[in-house]
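The structure appears below as structure tokens.
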Amino acid sequence: MKMNSLSAEARAKRLNAVVDPGRIISLRAYNLILTAAVLYGVAINAILCRESIVRFVFDRVNPITFFIIYFVMVIAGVIIAHRSENPLVSFLGYNMIVVPVGLVVAEAVVLGGYSPSVVWHAFITTAGVTVIMVAAGALFPQFFEKLGSILFFGLIGVLFGFLISIFLPGVNRAVTILCAGLFSLYIGYDVYRSQQFPHTVDNAIDSAIDIYLDVINLFLNLLRIFGNAKDS
């Protein structure tokens, strides 16, 4: 699921905002904070992928309750990060996204029936694709600048594809592959977009949310692709 920390209107407002010069940091510091925030989110997810944690949560919380808590926390986290210009408050919102999303990832990894080799394969591939797309987003901004509407309509197409796969299971693998490709491009696009904001700590954290969600969505789709390939 693709979620953005900022609406289009709020993003435009932030792009054009007059920022106190005292809040501006160097490009290097900005990208270091952004990278650290993304890695932090991934690390929290990795910590949550322990069977004891997953069993403790999902043996005590029924799926409907978890579903409600998940959406309340994620939406609240997005709103907090969206509206705040305080990096500590935005980081709180980020954690409200990372923890429930991490539990979903943990459930897929621990309870999804995937072998350790499949999980490792998906993780390594995700890391490799992420490095490539981060570099591409930084090196080819003109290319990614043109992808916004294409990716948006591609996401809508993928959502329709998953709905169709409910009735035609045979197309599920093709849709999952397309979804993995889409989120690979989203990583590059969100990296490009992160560089357009004023370089503040708060904007680095807000941008990290989008990139983190892209990486997690890519991992989950690769996990399904590699898992299905091994089973077939």
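Just so it is clear, the structure is predicted and the values come from calculations on it, not from any experiment.
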State, to 0.1 Å, how close [X] and [Y] come at their nearest heavy-atom pair, and which atoms those are.
{"X": "L48", "Y": "V99", "answer": "CD1-O, 3.7 Å"}
{"X": "V191", "Y": "A138", "answer": "CG1-N, 4.2 Å"}
{"X": "A81", "Y": "I209", "answer": "CB-CD1, 3.5 Å"}

Flag side-chain contact, heavy atom, 4.5 Å: [X] against [Y]:
{"X": "V54", "Y": "C49", "value": "no"}
{"X": "S207", "Y": "Y30", "value": "yes"}
{"X": "L163", "Y": "L159", "value": "no"}
{"X": "L103", "Y": "F66", "value": "yes"}
{"X": "V118", "Y": "S115", "value": "yes"}
{"X": "M96", "Y": "I80", "value": "yes"}
{"X": "I225", "Y": "R173", "value": "yes"}
{"X": "H121", "Y": "T125", "value": "yes"}

Query raised in the report: Is F123 atom CZ crowded by more than 12 heavy atoms from other residues, nucleotides or ligands, each under 6.0 Å away?
Result: no
Query - Heavy atoms of other groups near F162 CZ, more than 12 under 6.0 Å - result: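 Yes - once you tally the heavy atoms of other residues, nucleotides and ligands closer than 6.0 Å, there are more than 12.
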To the nearest 0.5 angstrom, please state how far the [atom1] atom of [X] sits from the [atom2] atom of [Y].
{"X": "L182", "Y": "N221", "atom1": "CG", "atom2": "CG", "result": "9.0 Å"}
{"X": "L151", "Y": "F144", "atom1": "CG", "atom2": "CZ", "result": "8.5 Å"}
{"X": "T200", "Y": "N203", "atom1": "OG1", "atom2": "CG", "result": "3.5 Å"}

Report task. Describe, in one word, how the ring planes of Y186 and Y189 are oriented to each other, choosing from parallel (under 30°), tilted (30 to 60°) and perpendicular (over 60°). Result ->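 Perpendicular: the ring planes of Y186 and Y189 meet at over 60°.
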Requested in this report: Using a strict 4.0 Å threshold on nitrogen-to-oxygen distance, state whether E145 and R193 make a salt bridge.
Outcome: no
Query raised in the report: Any salt bridge (Lys or Arg N to Asp or Glu O under 4.0 Å) pairs touching residues 39-51, not counting sequence neighbours?
Result: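 Qualifying pairs, neighbours excluded: E51-R55.
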**Report entry** F67 ring center near F71 ring center (under 6.0 Å)
**Finding:**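 So the answer is yes for these two rings.
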Query - F91/Y40 aromatic ring centres below 6.0 Å - result: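 Yes, ring centres under 6.0 Å apart.
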Query - M133 and L185: CA distance, side-chain angles, deciding distance, side-chain contact (heavy atoms from CB on, under 4.5 Å) verdict - result: CA-CA 7 Å; M133 297 312 297; L185 290 173; 4.0 Å; yes
Query raised in the report: Stepwise, does the side-chain contact (heavy atoms from CB on, under 4.5 Å) test hold for D206 with Y94?
Result: CA-CA 8 Å; D206 290 342; Y94 183 31; over 6 Å; no
Report task. Step by step, work out the side chain to side chain donor-acceptor pair (under 3.5 Å) result for Y212 and N45. Result -> CA-CA 11 Å; Y212 158 78; N45 286 189; 2.9 Å; yes
Report task. Check the pair S90 / D202 against side chain to side chain donor-acceptor pair (under 3.5 Å), numbers first and verdict last. Result -> CA-CA 7 Å; S90 289; D202 185 64; 2.4 Å; yes
Requested in this report: Verify side chain to side chain donor-acceptor pair (under 3.5 Å) between Q195 and N31, making sure each step is shown before the conclusion.
Outcome: CA-CA 9 Å; Q195 304 304 298; N31 285 328; 2.9 Å; yes
Report task. Could you go through the side-chain contact (heavy atoms from CB on, under 4.5 Å) check for V129 and V215 one step at a time? Result -> CA-CA 9 Å; V129 171; V215 171; over 6 Å; no
Query raised in the report: Rest of the hydrophobic cluster containing I64 (Ile/Leu/Val/Met/Phe/Trp/Tyr, side-chain heavy atoms under 4.5 Å)?
Result: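 Answer for I64: I68, V72.
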